[in-house]
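Below is one structure, written out as C-alpha cells; the observations come after it.
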Amino acid sequence: MVLRTPEGRPYRFDPGALCLELLVTGGPRSLTRHDVLDGPAGLVRWAGESRLAPGLEPLLTVAEADVRTAHAVRDAMLRITADRARGHRFDRPADATDFAVLNAVAAEPPLVARMGADGAREWAPGATGAQLLSTVARDAVDLFTGPYADRIRECSTSNCYLLFVDTSRPGRRRWCAMERCGNLHKVRAHRARQSAV
Ligand SMILES: [Zn+2]
C-alpha cells in the first residue's frame, strides 16, 4: 500500500498480511488519518489498492451495509492486532466481542478465485462487499492463530502506530517502512554519533 508522510511524500508500506492492510484506512483510536472507508466507493478503492488487486475492483459491488461491516471488523481487528503487538496476548482475557465480530464476518462466503481463459488466476464475476470482508476476516483468523501470531508488531518509532507482521526469516523487522521510519532512525543515530564526537 502507498501511504503519505505528514509532508505528503508517498512511501510504500507492506504490513505483511491482507487483513492488516485494512487497518490503515482509519479506526476508533485518535489516529492521524481520517477514515477513507467513507462509503461504498471507499471500500472498492481500498480493494483495488490491496494485495487482492489486480482485477477485483471492476467486479466488485459494495452496499452501504458492507461499509458498516467494514468499520466494525476493522476496528475489532485493530484492537486485537494492537493487543498482540503489545504482548498482552497471554496476560489478559481475550476481548470476546471483537472475536465474535471477526468470526461472524469470516463465516460468510469469501471471494472466489478461478482460472481465466488464458489459464491465469482471476476473480469470479459477481464479487460482493460481504465476500471481500469475509476474505479479509479469514485472513485475520489465520494470522492471529497461525505461525506468525507472535510476530505482530508496532513500528518502533515512538509516534508511529503502524502495525505489521514480520514474516522475514530473521524476524528482526522494527519499522513500518525502511524508506520512512527506518531512515529517520538512521539519520538520528548518525546525528547522535556526530554530536557525541
Ligand atoms: Zn513507522
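Keep in mind that what you see is a predicted model, and the values were worked out from it rather than measured.
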Heavy-atom distance under 4.5 Å between the side chains of [X] and [Y], does that happen here?
X	Y	result
Phe144	Ile152	yes
Val141	Arg138	no
Arg4	Pro10	yes
Leu23	Met77	yes
Val73	Leu102	yes
Trp123	Leu52	yes
Ile80	Phe99	yes
Gln194	His190	yes

Is NZ or CZ of Arg180 both nearer than 6.0 Å to the six-membered ring centre of Phe13 and within 45° of the ring axis?
no
Which heavy-atom pair separates [X] from [Y] by the least distance, and what is that distance?
X	Y	answer
Ser195	Ala192	OG-O, 3.1 Å
Ala106	Ser134	O-OG, 3.6 Å
Ala140	Cys19	CA-SG, 3.6 Å
Ala70	Leu133	N-CD1, 3.7 Å
Ala137	Val105	CB-CG1, 3.8 Å
Pro40	Glu64	CD-OE2, 3.3 Å

Please check: side-chain N/O of [X] versus main-chain N/O of [Y], any donor-acceptor pairing under 3.5 Å?
X	Y	result
Arg173	Trp175	yes
Asp166	Arg174	no
Arg153	Phe164	no
Trp46	Val36	no
Glu179	Arg12	yes
Thr135	Gln131	yes

Can we say Arg51 and Asp139 salt-bridge, meaning some charged N sits less than 4.0 Å from an Asp/Glu carboxylate O?
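Answer for the salt bridge query: no.
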Count the heavy atoms of every other residue, nucleotide or ligand shown that sit under 6.0 Å from CZ of Arg114, and state whether that count exceeds 12.
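Yes.
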As an exercise, state the distance from [atom1] of [X] to [atom2] of [Y], rounded to the nearest 0.5 Å.
X	Y	atom1	atom2	result
Ser50	Leu43	OG	CG	9.5 Å
Arg74	Arg79	CZ	CZ	10.5 Å
Asn103	Asp98	CG	CG	10.5 Å

Steps toward side chain to side chain contact (heavy atoms under 4.5 Å, CB included) verdict (Leu3, Tyr11):
CA-CA 6 Å; Leu3 303 183; Tyr11 65 98; 3.8 Å; yes
Would a single hydrophobic cluster contain both Leu22 and Leu162, if residues Ile, Leu, Val, Met, Phe, Trp and Tyr are joined by side-chain heavy-atom contacts under 4.5 Å?
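Hydrophobic grouping puts Leu162 with Leu22.
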Test side chain to side chain contact (heavy atoms under 4.5 Å, CB included) applied to Thr69 and Glu108, step by step:
CA-CA 12 Å; Thr69 306; Glu108 296 296 320; over 6 Å; no
Given the rule in the side chain to side chain contact (heavy atoms under 4.5 Å, CB included) test, do Asp66 and Leu132 qualify, once you have shown the distances and angles that lead to the verdict?
CA-CA 9 Å; Asp66 298 326; Leu132 168 68; over 6 Å; no
Can you tell which of Thr81, Leu18, Val165 makes a side chain to side chain contact (heavy atoms under 4.5 Å, CB included) with Leu143?
Val165
List the steps, then state whether side chain to side chain contact (heavy atoms under 4.5 Å, CB included) holds for Leu78 with Leu163.
CA-CA 9 Å; Leu78 187 55; Leu163 293 156; 3.7 Å; yes
